*Asks:* 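Can you read through this structure? Questions will come right after.
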Amino acid sequence: MANFAKSNVPRFSVDVYQNEYLPEGGSEVNAVVTVTATGGGTIGSAVSAPVHAPGRQPSAAVAIMVDCSGSMDYPPAKMRGARDATAAAIDALRDGTRFAVIGGTHVAKEVYPGGGRLAVADATTREQAKQALRRLSAGGGTAIGTWLRLADRLLSAADVTIRHGILLTDGRNEHESPQELRAALDECAGRFTCDARGVGTDWEVKEVTGIASALLGTADIVADPAGLAADFTRMMETAMGKEVADVLLRVWTPVGTTIRFVKQVAPTVADLTARRTEAGPRAGDYPTGSWGDESRDYHLCVTVPPAGLGQEMLAARVSLVVPQADGSVQNLGAQGLVRAVWTDDMAASTSINPQVAHYTGQAELAQAIQKGLDLRKAGDFDGATAKLGRAVQLASASGNADTAKLLAKVVDVVDAATGTVRLKTRVAEADEMTLETRSTKTVRVKK
């Protein structure tokens, strides 16, 4: 590995945080697995071989999908903001990146470069693309599945490392059924990642977050169109920082062990359990998308066969792999072991690992917010007060200050420590949608 010491290539490490001690008869094992990718030197105890040649930038293709439905003209600032934001994103493209702009209504249209192809980013094509944006106008309906399918066709034709989409909408997906959108997402999942944004307050939070979740991207609200350009620039810069795509979290478990769940718990909560694909005897792969220089945490919960006092076993082995074109996988070298040890030491077996406790609370926080807001919309104000009060309590206890601030725009906090709150009688729609959209954002545990 010395040959790659100074090259900007991704390397991965895995660290496991758990209390491995179980009481007699105990069978549930919890662990937080921290996966870290770095573009440079060695970190952690297990470091992978690089996944692309030293000194070579990973190749990328990006499709920007811009809502051009009729509602984008109400107010006109939305369409202007969308044009400016797309221009800013184009400026942030790295030279050599393949890219296309798609205009989305009840159908999907190629805005630039057209002809079923991708442009290659340089000074000339950036300027041409920005000229093409001036022709964008609002009119028509919204069928997001058609936008995604066109993006998939364009991106799949590129022989690149990273395929990514950016999607902007301002309204509900009213011109295709939920089943049609779901089918499009199922077709695109694993083929490209996608960040989704809602501008204004007339869109459906669960649609936008569902798109981002299915395609392993981020979701957010940009209530004021004036903020779009800065947000698009950040998204594109992050996309340009990705170095390896399609990383899979591979979990092997011994005979008799059952995986209860696998969840990403930082930087956002995302349940990956149902997205498992089998990977040989007693092993399964969970998709994590594209990586740059970053760290993420995953909560793994398994049930093991109870054993006698003093016995120990390997409950799970976690590793990282990347699929190859020939159907094989490249093992990234980093792995972590989850253990189970049975003891009659009550203090050892009842201690909850701080990382596990923290992220259990963060997952509950996200659920409490979402349930509380649903109950508020349904008119169950007592239920909403209880759930949002619990959310305030969890946000305060975990130090999630950003979420606490968002909650304070929806409830009056009487006592954060006990979760005593009152629902506000008037809440700005943008504040409620921001809280719902960002409810899955977590803070890292203080180690």
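Side-chain atoms are counted along with the backbone in the values below, which use heavy atoms only and exclude waters and symmetry mates. Since the model is a prediction, treat every value here as computed from it, not as a measurement.
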*Asks:* Evaluate the side-chain proximity of Lys263 to Val265: yes if any heavy-atom separation is below 4.5 Å, no if none is.
*Replies:*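 SC-SC contact between Val265 and Lys263 confirmed.
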*Asks:* If we ignore hydrogens and angles and just use 3.5 Å, is the side chain of Arg153 paired with the main-chain N or O of Gly116 as donor and acceptor?
*Replies:*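 Between the backbone of Gly116 and the side chain of Arg153 there is no qualifying donor-acceptor contact (under 3.5 Å).
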*Asks:* Quick one: does Glu237's side chain get under 4.5 Å of Phe232's, heavy atoms only?
*Replies:* no
*Asks:* Verify whether one side chain among His164 and Thr193 offers a donor that lies under 3.5 Å from an acceptor in the other.
*Replies:*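 Yes - a donor-acceptor pair under 3.5 Å links their side chains.
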*Asks:* Do the non-hydrogen side-chain atoms of Leu373 and Lys387 ever get within less than 4.5 Å of each other?
*Replies:* no
*Asks:* I'd like to check Val262 versus Leu249 (side-chain heavy atoms, cut-off strictly below 4.5 Å). Are they in contact?
*Replies:* yes
*Asks:* Less than 3.5 Å apart, any donor N or O on the side chain of Asp195 or Thr218 sitting next to an acceptor on the other?
*Replies:* yes
*Asks:* Is the backbone N or O of Thr105 less than 3.5 Å from a side-chain atom of Trp147, with the two atoms forming a donor-acceptor pair by type?
*Replies:*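 Checked: pair present.
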*Asks:* Which residue, Arg197, Met79, Lys78, forms the side chain to side chain contact (heavy atoms under 4.5 Å, CB included) with Asp170?
*Replies:*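 Single pass found, and it is Lys78.
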*Asks:* Find out whether Val120 and Asp122 are in side-chain contact, i.e. whether some heavy atom of one side chain is under 4.5 Å from a heavy atom of the other.
*Replies:*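 A side-chain contact under 4.5 Å is absent here.
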*Asks:* Is Lys206 close to Asp374 at the side-chain level, that is, under 4.5 Å between some pair of heavy atoms?
*Replies:* yes
*Asks:* Are the side chains of Leu375 and Leu388 in contact, using a 4.5 Å heavy-atom criterion?
*Replies:*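 Side-chain contact under 4.5 Å: no.
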*Asks:* If we ignore hydrogens and angles and just use 3.5 Å, is the side chain of Gln264 paired with the main-chain N or O of Thr268 as donor and acceptor?
*Replies:* yes
*Asks:* Would you please say whether a donor-acceptor pair under 3.5 Å links the side chains of Arg182 and Gln179?
*Replies:* no
*Asks:* Please collect all ring-ring contact (aromatic ring centres under 6.0 Å, His included) contacts where either partner lies in residues 91-142, sequence neighbours excluded, each pair once.
*Replies:* Phe99-Tyr112
*Asks:* Taking the side chain as every heavy atom from C-beta outward, state whether Gln362 and Ser398 have any pair of such atoms under 4.5 Å apart.
*Replies:* yes
